[in-house]
Amino acid sequence: MVAGGLLALADIARADFRQARAAMSPGRDPVVTGDGERLRLEALSTCGGLYGRLDLAAAELDGAWTGHGTTNVDINPPLYESLTRVGPADPLRLSVGADELAVATLDGRIVEKQVPLPARWLRGLAEVAAQVLPLDLRLEIPAGRAVALLAEMSARTGRQSRWLVPAGSGWRSTTRPVPGAVCVADGFRLSVLRPLLPLARTVALYAPPVSGAPAQVSGWVLDFGTARFTLLLSAAVNHGFAGDGQLLADLSADTAVADADALQMVLAAEPVIDRASIAVRTGWHPARVTSALAALAAAGQVGYDVAAASSFRRPLPYRADAVAALHPRLAAARILADSGRVTMTAAGAEVTSGETTYLVHRRGDEYACTCVWWAEHQGRRGPCKHAVAAIISEQTGQRDE
């Protein structure tokens, strides 16, 4: 199971499903994190729309001690080939350190050294953490029955999304979203799970509340008893996680980066992040906690486990303020706000960018804008730079008062 999970992560990391036929790039680099209780191994696809994670609990690790830390390594061809030859009764010894990952099988011992984490992975990991927060369990089926489901979904190469609706102990497939349904966008990407199904006990499907969007994110969790494999599908092949901006509104808070630095000490030895507990210990408003965690997520330091419904630490060596350049909309919004291009109004704000003034309207806790970008995405890819600028200016005004 561990060998199969590593192979699946390697396949995800090098997959580019934007091609007519799924192309494979050389990259096969998972991020490995130890939190004192378990190992988490994660990968993002080359196309950016697929996220996979293998969680190995203490029982799967034969009670071996797990320290705290994160490393990023390649799974190169020699290790990949060795893993394909691991049988059900064969030994597999895994050793992870700050600078390397070593795997010993009957073929011998192979050591993979640490490699730099791609910048796109930082944005992708951050957006994954934001995208999965609203996901809830919709359907759970035995792995044996899931074989037929994945065969049906992965055989569809068209661009029309399918929706799975729970029906009794099974499901039915439709082209229209209904409450409680799970979106399967470009389901042929699910093919990466097929080798793991014979090893799993159940497959659980997670989805956010159905909205007016033509397609939505979905989560697929394979339970092996002592381990889990989580796969997240973006809303489309050409809609990678890294291109979204779901964290931008929270990152706009001027206290977010400083609070994130303070939280690093609080969370240093905690495998699971409890937002309510943080609010109690720090005395912060829940919104302030959310902004601080968003800043940590932007630095790749916070992930989310949809099956456990909890956040977790990923102690990567990046500071929240050092990755601000990875979010051009946020940088552009700060320029607009700092240069006095935002005028707050009773309905929201007027934001002048270039020679054009855009109207930003408040919709409850969110903003809508008259710009072309907002008209195209309708908030599905986070707020536009004008809306973020309005949020920053509103916060500044409230602070001045």
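Start at 1 with the first residue, then count along the sequence. Reckoned from all heavy atoms, side chains included, excluding hydrogens, waters and symmetry mates. What you see is a predicted model; the values in this text were computed from it and never measured.
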Could you give the distance from [atom1] ([X]) to [atom2] ([Y]), rounded to the nearest 0.5 Å?
{"X": "N72", "Y": "K113", "atom1": "CG", "atom2": "NZ", "value": "14.5 Å"}
{"X": "T226", "Y": "M1", "atom1": "OG1", "atom2": "CE", "value": "5.0 Å"}
{"X": "Y51", "Y": "L231", "atom1": "OH", "atom2": "CG", "value": "10.5 Å"}
{"X": "R189", "Y": "S218", "atom1": "CZ", "atom2": "OG", "value": "7.5 Å"}
{"X": "D74", "Y": "Q114", "atom1": "CG", "atom2": "CD", "value": "11.0 Å"}
{"X": "Q378", "Y": "S211", "atom1": "CD", "atom2": "OG", "value": "11.0 Å"}

What are the two closest non-hydrogen atoms of [X] and [Y], and how far apart are they?
{"X": "D259", "Y": "A292", "result": "CB-CB, 3.6 Å"}
{"X": "L164", "Y": "L149", "result": "CD1-CD1, 3.7 Å"}
{"X": "R275", "Y": "S311", "result": "NH2-OG, 3.6 Å"}
{"X": "F224", "Y": "L199", "result": "CD2-O, 3.3 Å"}
{"X": "V182", "Y": "Y206", "result": "CG1-O, 4.2 Å"}
{"X": "P208", "Y": "Q216", "result": "CG-NE2, 3.8 Å"}

Beyond-backbone contact of [X] with [Y], side-chain heavy atoms, under 4.5 angstrom:
{"X": "L293", "Y": "L263", "answer": "yes"}
{"X": "S82", "Y": "V103", "answer": "no"}
{"X": "Y304", "Y": "I273", "answer": "no"}
{"X": "L150", "Y": "M153", "answer": "no"}
{"X": "V184", "Y": "W220", "answer": "yes"}
{"X": "R313", "Y": "H68", "answer": "no"}
{"X": "F17", "Y": "D186", "answer": "no"}
{"X": "V32", "Y": "T70", "answer": "no"}

Task: Side chains of E350 and T345, donor plus acceptor under 3.5 Å - done: no

Task: Side chains of D11 and Y80, donor plus acceptor under 3.5 Å - done: yes

Open item on the list: Under 4.0 Å between a side-chain nitrogen and a carboxylate oxygen: does that hold for D55 and R228?
Closed with: yes

- [ ] Would you mind checking if E394 and R362 are paired as a salt bridge, meaning a charged N to carboxylate O distance below 4.0 Å?
- [x] yes

Open item on the list: Please check if the number of heavy atoms outside R281 that lie under 6.0 Å from its CZ is greater than 12.
Closed with: yes

Open item on the list: Around atom CZ of R85, are there more than 12 heavy atoms from other residues, nucleotides or ligands closer than 6.0 Å?
Closed with: yes

Task: Sole candidate of L56, L41, L7 that passes side chain to side chain contact (heavy atoms under 4.5 Å, CB included) when paired with V2 - done: L56

Open item on the list: V306 and side chain to side chain contact (heavy atoms under 4.5 Å, CB included): which single residue from V128, L135, L137, L133 fits?
Closed with: L135

- [ ] Go through the steps for V178 and V210 under the test side-chain contact (heavy atoms from CB on, under 4.5 Å), then give the verdict.
- [x] CA-CA 7 Å; V178 297; V210 173; over 6 Å; no

Open item on the list: Ring of F312, cation from R38 - is the NZ or CZ under 6.0 Å from the centre and inside 45° of the axis?
Closed with: no

